[in-house]
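Structure first, then comments.
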Amino acid sequence: MLHLTNGDAAADAIRAAGIPGEILPWRDVLHDGPVPAGLPLRELSLVRAGFIASRGWGAVDEVRRGFEERDAALAASADEDEVVLWFEHDLYDQLQLIQVLDWFAEHPRPGLTLINPAQYLGPSTPDQLRALFALRMPVTHAHLSAARAAWEAFRAPDPRGMETIPGAELAALPHLSSALRRHLQQFPSTRDGLSRSERQALEVLADGPRTAGKLYRASHHDREDPIWLGDSTFFSYLEDLGPLVTIGEADDVHRRPVALTDLGRDVLAGRADRVAAIGIDRWLGGVHLQGRDVPWRWDEAAGRIEHG
């Protein structure tokens with residue numbers, strides 16, 4: 001038996017619950033960085049490894065080796081009696097889930113089961129995890145169809161495809177629709193050019209400087225349900241905000257002081273636009289946002305992506 005799950009905390013929890021089988025953590029922040037269309041898994045993993053290394057989250061050779069070992073274990077899963085997919089309800093996990101299901105749609109096998117709870121796996125008790133394991137469900141054509149449609153739309157250079165997948169098609173994966181909507185809210189706003197995560201951070205800073213760690217908790221943990229954004233990704237967002245914030249020095253990144261600048265206040269008030277003021281270079285799935293004038297923005301009032 002092979003268990004695929006979102007990362008090391010969940011893997012450790014499953015192991016501690018005494019559930020038999022090998023465990024494969026997926027380990028990829030697919031909501032951040034390039035996930036372009038048209039690449040098979042091996043080539044996409046090279047792209048992802050290059051991005052992760054470029055963020056300073058690991059040496060490129062080490063990161064590439066990790067992806068190679070992960071993908072080899074996935075390919076070898078054909079020899080297992082059962083493969084169990086353990087993924088949570090948040091954006092981070094849902095993107096991993098649709099990538100994995102898309103792969104299994106191309107490499108069909110019996111004995112593929114799913115655990116997709118509205119709870120976090122890492123903090124779950126052994127009894128809770130054993131109960132979830134007992135309730136695992138067979139992966140059906142409906143699961144695979146929903147995942148394939150969402151994965152294709154997520155990787156497309158036009159993000160509007162994520163809005164046009166019929167709700168009935170996504171219903172087999174009950175957390176997927178809300179996860180995709182949350183992803184779309186990471187596009188620059190029509191109002192001020194800020195993503196939702198960026199705006200939440202600036203709103204907290206408007207009340208006064210914070211350390212980076214306290215800012216992360218106040219702007220994400222206290223304002224999001226479910227929680228999906230890791231602190232390393234959040235800190236990279238702060239670095240990208242450049243002239244809108246000042247970031248001081250400290251031995252621990254969590255203790256670095258962060259403050260809002262006058263330009264940051266102007267952007268937060270809608271008097272200036274984040275993209276026009278400081279530019280952007282960010283991939284969201286298959287969309288590359290670059291420069292000071294981008295074609296895709298999120299209209300919060302209308303609840304949709306706007307092109308223009």
Side-chain angles (χ1 to χ4, degrees), residues 4-14 25-35 48 51-52 55 57 85-102 114-124 132 146-147 150-151 153-155 159 162-163 165 170 173-189 194-204 212-241 253-254 282-287 289 298 300 303 305:
L4 267 70
T5 192
N6 60 12
D8 294 291
D12 290 344
I14 294 167
W26 201 243
R27 295 194 192 111
D28 195 3
V29 287
L30 291 163
H31 54 74
D32 192 25
V35 193
R48 296 299 303 162
F51 167 74
I52 288 171
R55 279 300 201 182
W57 298 336
L85 310 181
W86 300 70
F87 291 96
E88 299 163 4
H89 53 317
D90 57 84
L91 174 60
Y92 176 90
D93 277 51
Q94 290 296 295
L95 295 178
Q96 293 181 340
L97 175 60
I98 60 176
Q99 181 183 21
V100 169
L101 285 174
D102 179 78
L114 174 63
I115 298 167
N116 185 205
Q119 70 185 67
Y120 302 109
L121 298 170
S124 296
L132 288 173
W151 184 239
F154 173 72
R155 298 177 69 183
M162 284 178 274
E163 300 177 318
I165 305 170
L170 294 180
L173 297 171
H175 311 301
L176 182 54
S177 180
S178 60
L180 293 178
R181 179 180 174 85
R182 183 63 191 87
H183 171 70
L184 292 174
Q185 291 170 343
Q186 290 299 95
F187 279 78
S189 167
L194 294 166
S195 72
R196 176 176 163 182
S197 290
E198 291 172 339
R199 185 180 304 107
Q200 288 171 176
L202 296 193
E203 286 173 347
V204 172
K214 289 182 178 179
L215 177 59
Y216 166 63
R217 293 201 64 85
S219 66
H220 186 66
H221 281 239
D222 295 348
R223 297 191 178 206
E224 301 254 7
D225 185 18
I227 296 164
W228 58 273
L229 184 66
D231 57 358
S232 294
T233 305
F234 176 79
F235 297 150
S236 74
Y237 289 171
L238 290 181
E239 296 284 354
D240 291 345
L241 284 174
V253 65
H254 293 81
R282 177 174 299 162
W283 281 84
L284 292 170
V287 180
L289 301 170
W298 173 253
E300 183 64 37
I305 286 287

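By convention here, the first residue in the shown sequence is residue 1.
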Checking F87 against H175 for the ring-ring contact (aromatic ring centres under 6.0 Å, His included) test, could you report, in this order, the C-alpha distance in whole Å, the side-chain angles of both residues, the deciding distance, and whether it holds?
CA-CA 10 Å; F87 291 96; H175 311 301; over 10 Å; no
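- The CG atom of L194 sits 7.0 Å away from the CG atom of L241 when rounded to the nearest 0.5 Å.
- Side-chain contact between W298 and R196: absent, with no pair of heavy atoms (C-beta onward) separated by less than 4.5 Å.
- Remark: the S197 side chain and the R182 side chain contain an N/O donor-acceptor pair separated by less than 3.5 Å.
- Residue R217 qualifies as open at atom CZ: its count of foreign heavy atoms under 6.0 Å is 12 or below.
- Atom CZ in R27 sits 4.0 Å away from atom CG in D8 (nearest 0.5 Å).
- Put simply, CG on L95 and CG on D28 are 9.5 Å apart, with the number rounded to the nearest 0.5 Å.
- When atom types are taken as modelled, the side chain of T5 and the backbone of A10 share no donor-acceptor pair closer than 3.5 angstrom.
- Salt-bridge annotation for R55 and D240: present, with a side-chain N of the basic residue lying under 4.0 Å from a carboxylate O of the acidic one.
- Of the possible polar contacts, one joining the Q94 side chain to the E88 backbone as a donor-acceptor pair under 3.5 Å is found.
- Counting only distance, with no hydrogens or angles, the side chain of R48 and the backbone of V29 share a donor-acceptor pair below 3.5 Å.
- No side-chain donor from either of E300 and S189 sits under 3.5 Å from a side-chain acceptor of the other.
- The two atoms that bring Q99 and L30 nearest to each other are OE1-CD1, 3.3 Å, heavy atoms only.
- The pair E163-R181 fails the salt-bridge criterion, with no side-chain N (NZ, NE, NH1 or NH2) lying under 4.0 Å from an Asp/Glu carboxylate O.
- The CD1 atom of I115 lies 8.5 Å from the CG atom of L85; values are rounded to the nearest 0.5 Å.
- The closest side-chain donor-acceptor pair between E198 and Q186, if any, does not fall under 3.5 angstrom.
- Figure legend: cation-pi geometry between R282 and Y237, with NZ or CZ positioned under 6.0 Å from the six-membered ring centre and within 45° of its axis.
- The structure places OH of Y92 at 6.0 Å from CG of N6, a figure rounded to the nearest 0.5 Å.
- L176 has its side chain out of reach of I165: every pair of non-hydrogen atoms, C-beta onward, lies at least 4.5 Å apart.
- The aromatic rings of Y120 and H89 are tilted relative to each other, their planes meeting at an angle between 30° and 60°.
- Under the 30°/60° scheme for interplanar angles, the aromatic rings of F234 and Y216 are found to be tilted.
- Ring-plane geometry between F187 and H183 is classed as perpendicular, the angle between the planes exceeding 60 degrees on a 0 to 90 degree scale with a lower cut at 30.
- Contact annotation: the side chain of L91 never approaches that of L229 to less than 4.5 Å [non-hydrogen atoms, C-beta and beyond].
- Side-chain polar atoms of S124 and Q119 form a donor-acceptor pair below 3.5 angstrom.
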